[in-house]
Amino acid sequence: MLEISVLRSNAATVKEKLAKKYFAEINLVDEILVLDEKRRQIQKETDDLLAEQNLAAKSIGALMQKGEKEAAETEKAKVAVLKEQSKQKEELLAAVENEQQQLLVRLPNLPHESVPEGKTPEQNVVVRESGNKPNLSETALPHWDIAKKYDLFDLELGVKITGAGFPVYKGKGAKLQRALISFFLDKATEAGYTEVIPPFIVNESSAFSTGQLPDKEGQMYYANLDGFYLIPTAEVPVTNIVRGDIFNEKDLPLKYCAYSPCFRREAGSYGKDVRGLNRVHQFDKVEIVQIANPDKSYQVLEEMLAHVENILNLLNLPYRILRLCGGDMSFTSALTFDFEVWSGAQKRWLEVSSVSNFETFQSNRLKTRFRDENKKTRLVHTLNGSALALPRIVAALLENNQTENGVAIPEVLQKYTGFSTLQ
RNA sequence: GGAGAGAUGGCAGAGUGGUUGAAUGCAACUGUCUUGAAAACAGUCGAAGGUGAUGAGCCUUCCGUGGGUUCGAAUCCCUCUCUCUCCGCCA
C-alpha cells in the first residue's frame with residue numbers, strides 16, 4: 001500500500017510511475033486525494049467537537065464536587081447536543097476513511113527508476129547470462145521422461161491422491177528434494193540468515209499485509225471453515241514475523257530464511273508449458289527475506305542477487321538474470337530480478353527465483369518501522385527472494401546432467417544425497 | 001471438548017468511574033563524573049492522526065477486539081479473540 005503522504009506531495013510523479021506499470025486506473029490517484037482532503041476536514045471537525053466535550057466533562061466534574069448541581073445539569077444538556085453531532089461526524093469519518101482505504105489498496109507499488117519500460121515478459125531486460133548450455137543429443141529426454149525412467153516422481157499418482165499438479169516424489173527423487181532443501185538452507189545460514197520454520201497456513205491479516213489480499217485470493221487455497229489461507233510462498237508468514245514491530249536502526253537488517261511447501265492454485269493454461277514439474281500446485285522452496293533500512297535496501301537487494309547467483313554457480317546450472325519491465329512486475333514490487341535456468345532438453349529458460357525490493361509497500365501494511373538517528377519512526381523496506389524454488393531446478397538438473405548411465409548429481413549436493421548418480 | 005483465571009507501555013507490574021497516556025521497577029537514550037568503562041546522580045523515554053514549516057506548541061484517538069452504560073471508563077456491562085491452569089482427547 002502506497003503512503004498517502006507520497007500521493008499528497010508528488011501526485012504527478014506517482015501517476016507517471018503508475019503509467020510505467022501499465023496501471024489502468026490512474027484516475028484513482030486524484031479520487032484518493034479528493035477523499036483525503038475531505039477526510040482531513042472531517043477529522044478536524046470531529047476532533048474539535050470531542051475536545052469541547054472533554055472540556056465540558058471536566059467542568060461537570062468540578063461543578064459536582066462543588067455541589068453546584070444546577071449548573072452541572074445545564075452543562076450536561078449542552079454535552080448531549082455535542083455528543084449527537086460528534087457521533088454523526090465520527091460515522092462520516094469512518095465511512096470516508098474506509099472508502100479512501102479501499103481505493104488506496106488498489107494502487108500497485110511504484111516502480112523503481114531503474115525499471116525498464118515495457119509491457120510484456122519479452123521486454124524484460126537480460127542483465128547477464130552465465131554458464132554453458134549442455135550439448136545434448138537429439139535423443140535427450142525431457143525431465144518427465146527421465147523421472148519415469150528412474151522412478152523419481154509420479155504425477156499420475158498425485159492425481160489419484162489429490163489432483164493434477166501435486167507430484168509424488170519417490171526414492172532418489174524424494175531424497176534429491178530433501179538434499180536441495182538442506183543445501184539451500186545451509187547456504188542461507190552461512191550467509192547470515194536466521195532459519196525459521198513458519199506456519200504454512202496464515203490468517204487474513206497476514207495475507208493482507210504482504211499484499212496477497214485483496215484481489216489475489218484466487219491464487220491461494222482457502223480453508224474457509226477457519227478463514228485461513230495456504231501459503232503461496234514462505235514470504236507471507238516470514239515477513240509477517242515483524243508485523244507491527246518498531247526496531248532500532250542498529251538491529252537492521254534482519255535476515256530470515258525458511259523452507260516451506262508452497263501452494264498455488266495457478267488457474268491458467270495447461271499443455272506442454274506446464275508438463276512435468278514446469279508448473280505445479282504444490283512445490284518446495286527456500287525463501288530469503290530481509291527487513292532493511294530504506295537507505296540501504298538496494299545494497300541489500302544486490303547482496304541477495306549475489307546469493308542466488310552463487311548457488312546457481314555451485315549447482316553448475318546455466319542461468320540468466322532478468323530485470324523485469326514495468327508491465328511484468330508484480331503488484332507489490334518496486335524492482336524485481338528473475339533468475340531463469342536453462343533446461344537443456346526442453347530448450348527453454350525456466351524461472352527459478354524472483355528477488356524483489358518492496359520498499360515500503362508491504363511495511364506500510366505491516367506497520368513495521370524503525371527509529372532513525374533522530375528518533376523518528378520510519379517504515380522499513382522489505383525484500384525477499386527465492387533461494388531457490390525446487391521443481392524447475394530439478395527439471396534443469398535432470399535434463400542437463402543426463403547421460404546414458406544416469407543423471408549426474410552436482411558435487412555440492414552429493415554429501416546431501418549420499419549418491420552421485422541417479423540411475 | 002469441559003471447568004476456572006486472565007489480557008495495561010520494550011519487559012515486569014500498579015491502577016476498579018473524574019487532570020491516568022497511565023504509578024513503580026528494569027531495560028533504553030542523553031548529560032554530569034571518570035584516562036576509559038562501570039557505578040552513582042540528573043534528565044529523557046509509547047504510537048497513530050489532525051493543525052503548524054517534515055520545528056515548538058496545541059487538539060484527537062489508542063490500556064486484546066468490537067459494541068454498550070455515563071456529563072466522564074483502563075476502571076462497570078455485553079460480544080468475540082487469544083493466553084494460562086486443571087480435566088478429557090491426541091502426534
If you measure from the [atom1] atom in [N] to the same atom in [M], how many Å do you get, rounded?
N: rA27(B); M: rA40(B); atom1: P; answer: 9 Å
N: rG52(B); M: rC58(B); atom1: C1'; answer: 9 Å
N: rU34(B); M: rG21(B); atom1: P; answer: 42 Å
N: rG67(B); M: rG9(B); atom1: C1'; answer: 25 Å
N: rC33(B); M: rC26(B); atom1: C1'; answer: 23 Å
N: rG46(B); M: rA23(B); atom1: P; answer: 10 Å
N: rA22(B); M: rC62(B); atom1: P; answer: 14 Å
N: rG64(B); M: rC76(B); atom1: P; answer: 12 Å

Nearest-Å distance for atom pair [atom1]/[atom2], residues [X] and [N]:
X: Lys76(A); N: rU70(B); atom1: NZ; atom2: P; value: 10 Å
X: Ile4(A); N: rA48(B); atom1: CD1; atom2: P; value: 17 Å
X: Leu82(A); N: rC71(B); atom1: CG; atom2: C1'; value: 11 Å
X: Glu90(A); N: rG67(B); atom1: CD; atom2: C1'; value: 13 Å
X: Asp245(A); N: rG46(B); atom1: CG; atom2: P; value: 18 Å
X: Arg369(A); N: rA47(B); atom1: CZ; atom2: P; value: 8 Å
X: Arg378(A); N: rA47(B); atom1: CZ; atom2: P; value: 16 Å
X: Lys87(A); N: rG72(B); atom1: NZ; atom2: C1'; value: 17 Å

Given the options Leu312(A), Leu180(A), Val341(A), Val286(A), Leu388(A) meets side-chain contact (heavy atoms from CB on, under 4.5 Å) only with Leu312(A)
Per the O4'-C1'-N9-C4 / O4'-C1'-N1-C2 angle with a 90° window around 0, rG52(B) comes out syn
Are [X] and [Y] close enough that a side-chain donor and a side-chain acceptor fall under 3.5 Å?
X: Asn278(A); Y: Arg275(A); value: no
X: Glu97(A); Y: Gln101(A); value: no
X: Arg323(A); Y: Ser114(A); value: yes
X: Thr210(A); Y: Glu235(A); value: no
X: Thr120(A); Y: Gln123(A); value: yes
X: Ser343(A); Y: Gln346(A); value: yes
X: Glu3(A); Y: Asn364(A); value: no

Notebook entry, point to check: Does Arg371(A) come within less than 4.0 Å of Glu249(A), counting only side-chain N to carboxylate O?
Noted result: no
Problem - Carboxylate-amine/guanidinium proximity below 4.0 Å for Lys44(A) and Asp48(A) - result: yes
Under 6.0 Å from the six-membered ring centre of Phe283(A) and within 45° of its axis: does the NZ or CZ of Arg264(A) meet both? no
Between His307(A) and the options Phe339(A), Tyr193(A), Phe337(A), Phe184(A), the ring pair (Phe, Tyr, Trp, His ring centres under 6.0 Å) test singles out Tyr193(A)
Interatomic distance, OG@Ser206(A) vs CG@Leu366(A), rounded to 0.5 Å, equals 8.5 Å
Show the distances under 3.5 angstrom between N or O atoms of the protein and N or O atoms of nucleotides 15-19 of chain B.
from    : atom 1 : to       : atom 2 : distance (Å)
rG18(B) : N2     : Ala57(A) : O      : 2.9

Base paired to [N] (Watson-Crick or G-U; both N/O distances under 3.5 angstrom):
N: rU85(B); value: rA3(B)
N: rA39(B); value: none
N: rG66(B); value: rC78(B)
N: rA47(B); value: rU61(B)

Atom pairs and distances, donor-acceptor, side-chain atoms in residues 153-168 of chain A, under 3.5 Å, two or more places apart:
from      : atom 1 : to        : atom 2 : distance (Å)
Asp154(A) : OD1    : Glu156(A) : N      : 3.0
Asp154(A) : OD1    : Leu157(A) : N      : 2.9

Just the atom pairs and distances: protein N or O near nucleotides 52-55 of chain B's N or O, under 3.5 Å.
none

Give every pair of a protein N or O atom and an N or O atom of nucleotides 27-32 of chain B that lie under 3.5 Å apart, one pair per line with the distance.
from    : atom 1 : to        : atom 2 : distance (Å)
rC29(B) : O2'    : Lys375(A) : NZ     : 3.4

### Message
Test salt bridge (Lys or Arg N to Asp or Glu O under 4.0 Å) on Glu309(A) and Arg128(A); report intermediate values, then the result.
### Response
CA-CA 11 Å; Glu309(A) 203 168 357; Arg128(A) 63 175 160 274; 2.8 Å; yes
Ordered by number, residues from residues 41-53 of chain A within less than 4.0 Å of RNA chain B (heavy atoms) are Gln43(A), Lys44(A), Asp47(A), Leu50(A), Ala51(A)
On RNA chain B, more 5' by nearest nucleotide between Thr377(A) and Glu75(A) is Thr377(A)
Assert: residue with more 5' nearest nucleotide on RNA chain B, out of Ala80(A) and Glu97(A), is Glu97(A)
- Query: If you look at every strand shown and take non-hydrogen atoms under 4.0 Å, does Ser59(A) touch a base, only sugar-phosphate, or nothing?
  - Reply: nothing
It should be established whether Asn54(A) places a side-chain nitrogen or oxygen under 4.0 Å from OP1 or OP2 of nucleotide rU60(B).
yes
Task: Arg371(A) side chain near rA47(B) phosphate (N/O to OP1/OP2, under 4.0 Å) - done: yes
Residue set satisfying side-chain hydrogen bond (donor to acceptor under 3.5 Å, both in side chains) with Thr74(A), at least two apart, ordered chain then number -> none
